[in-house]
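Quick notes on the structure that follows.
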Amino acid sequence: VWRALKPGGRFVAEFGGHGNVAAIVTAMRAVALRRSGDFTSAHPWFFPAPAIYQRMLDARGFTVRRIGLFPRPTPLPTGMASWLKLFHKPFFDQFENEAENALDEAVELLRPSLCDGDGIWTADYVRLRVEAVKP
């Protein structure tokens with residue numbers, strides 16, 4: 001990004017921040033621990049806190065104008081099981097012939113916090129938004 005910008009150019013971004021999909025990751029870690037699986041594969045991403053990402057931008061020479069976390073609950077029209085299959089298939093594959101049972105277990109752990117009374121699932125997204133300038 002630094003190389004692509006001219007002096008005075010703005011870098012504006014939004015992506016997963018600290019706490020993104022925290023309930024989902026916690027449920028998956030619980031499933032892995034119960035089943036003696038690899039719980040570290042439940043969270044393969046980098047979701048930085050604002051202070052950490054600001055230090056990264058500062059170190060590169062950017063001037064940060066704004067940075068912050070914003071909750072963005074996101075409806076999952078196809079449900080939690082579909083979302084987990086899409087984003088976490090390798091995690092569940094570790095359980096081989098028990099993969100479907102492990103998936104069902106994760107879904108049931110998440111039901112009280114991410115599924116409403118009408119059966120609508122919502123992912124617990126948290127976004128990091130940033131605006132920085134190349135001096």
Side-chain angles (χ1 to χ4, degrees):
V1 172
W2 179 267
R3 287 191 313 262
L5 291 175
K6 295 177 184 178
R10 288 185 331 142
F11 169 54
V12 178
E14 179 180 309
F15 49 88
H18 182 72
N20 193 45
V21 296
I24 295 169
V25 169
T26 300
M28 292 173 53
R29 287 174 60 97
V31 167
L33 289 169
R34 286 180 181 178
R35 295 172 172 274
S36 301
D38 175 13
F39 67 88
T40 63
S41 65
H43 194 316
W45 311 287
F46 175 58
F47 296 141
I52 291 171
Y53 202 68
Q54 177 151 358
R55 284 194 303 268
M56 293 170 69
L57 291 168
D58 289 344
R60 188 61 184 100
F62 281 100
T63 300
V64 176
R65 288 187 178 165
R66 292 183 285 194
I67 191 166
L69 292 175
F70 299 89
R72 195 186 83 201
T74 303
L76 303 176
T78 59
M80 182 58 67
S82 293
W83 189 93
L84 289 170
K85 286 178 185 176
L86 178 64
F87 288 102
H88 289 290
K89 186 177 182 318
F91 171 83
F92 291 103
D93 285 349
Q94 72 178 308
F95 302 111
E96 297 173 1
N97 60 345
E98 286 292 310
E100 198 64 32
N101 290 336
L103 174 67
D104 292 344
E105 186 178 343
V107 168
E108 289 312 309
L109 286 170
L110 290 165
R111 188 175 300 283
S113 59
L114 299 182
C115 186
D116 69 16
D118 290 328
I120 306 298
W121 285 92
T122 302
D124 56 333
Y125 284 6
V126 176
R127 309 306 289 168
L128 181 69
R129 292 181 187 161
V130 62
E131 177 187 7
V133 177
K134 179 178 181 176

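Residue indices begin at 1 and follow the sequence shown.
Closest non-hydrogen pair, I24 versus A123, comes out as CD1-CB, 4.3 Å. Nearest heavy-atom pair across R111 and E108 is NH2-OE2, 2.8 Å. Taking every heavy atom of both residues into account, L109 and P112 meet most closely at O-CD, 3.5 Å. Considering all non-hydrogen atoms of both residues, G16 and P48 come closest at O-CD, 3.7 Å. When all heavy atoms of T122 and P73 are compared, the pair lying nearest together is CG2-CB, 3.6 Å.
Hydrophobic clustering (side-chain heavy atoms under 4.5 Å, transitive across Ile, Leu, Val, Met, Phe, Trp, Tyr) groups L114 together with L76. Both M56 and V126 belong to a single network of hydrophobic side chains, linked directly or stepwise wherever heavy atoms of I, L, V, M, F, W or Y lie under 4.5 Å apart. When hydrophobic clusters are built by joining Ile, Leu, Val, Met, Phe, Trp and Tyr residues whose side-chain heavy atoms come closer than 4.5 Å, directly or via intermediates, F15 is not grouped with Y125. When the side chains of ILVMFWY residues are joined at heavy-atom separations under 4.5 Å, either directly or via intervening members, V64 and V12 end up in two distinct hydrophobic clusters. In the hydrophobic clustering of ILVMFWY residues, with side-chain heavy atoms under 4.5 Å counting as a link, L33 and V25 come out apart.
Here E14 contributes atom CD and R127 contributes atom CZ; the two are 5.0 Å apart, rounded to the nearest 0.5 Å. Q54 contributes atom CD, which lies 7.5 Å from atom CG of L57 (distance to the nearest 0.5 angstrom). Going from atom CZ of R72 over to atom CG of D124 covers 12.0 Å, rounded to the nearest 0.5 Å. Here the CH2 atom belonging to W121 is positioned 7.5 Å from the OG atom belonging to S113, to the nearest 0.5 angstrom. Annotation: the span from E105 atom CD to L103 atom CG amounts to 10.0 Å, rounded to 0.5 Å. The distance from the CZ atom of R10 to the OG1 atom of T63 is 13.5 Å, given to the nearest 0.5 Å.
Distance alone, capped at 3.5 Å, is enough to place a donor-acceptor pair between the K134 side chain and the W2 backbone. Between the side chain of D118 and the backbone N or O of I120, no donor-acceptor pair lies under 3.5 Å. Under the 3.5 Å distance criterion, the side-chain polar atoms of N20 are left unmatched by any main-chain donor or acceptor of F47.
With sequence neighbours left out, the side-chain hydrogen bond (donor to acceptor under 3.5 Å, both in side chains) criterion links E98 to N101. When the side-chain hydrogen bond (donor to acceptor under 3.5 Å, both in side chains) test is applied to R3, no partner is found at least two apart in sequence or on another chain.
Note: Y53 and F11 have tilted aromatic rings, judged against thresholds of 30 and 60 degrees for the angle between ring planes. Ring-plane geometry between H88 and W83 is classed as tilted, the angle between the planes lying from 30 to 60 degrees on a 0 to 90 degree scale. The aromatic rings of F95 and F91 lie perpendicular to each other, with more than 60° between the two planes, well past the 30° mark.
Using a 4.5 Å heavy-atom cutoff, the side chains of F62 and V1 are in contact. Looking only at side-chain heavy atoms (C-beta outward), V31 and R34 stay at 4.5 Å or farther from each other.
Residue pairs meeting the side-chain hydrogen bond (donor to acceptor under 3.5 Å, both in side chains) criterion with at least one partner in residues 36-45, sequence neighbours excluded, are D38-T40.
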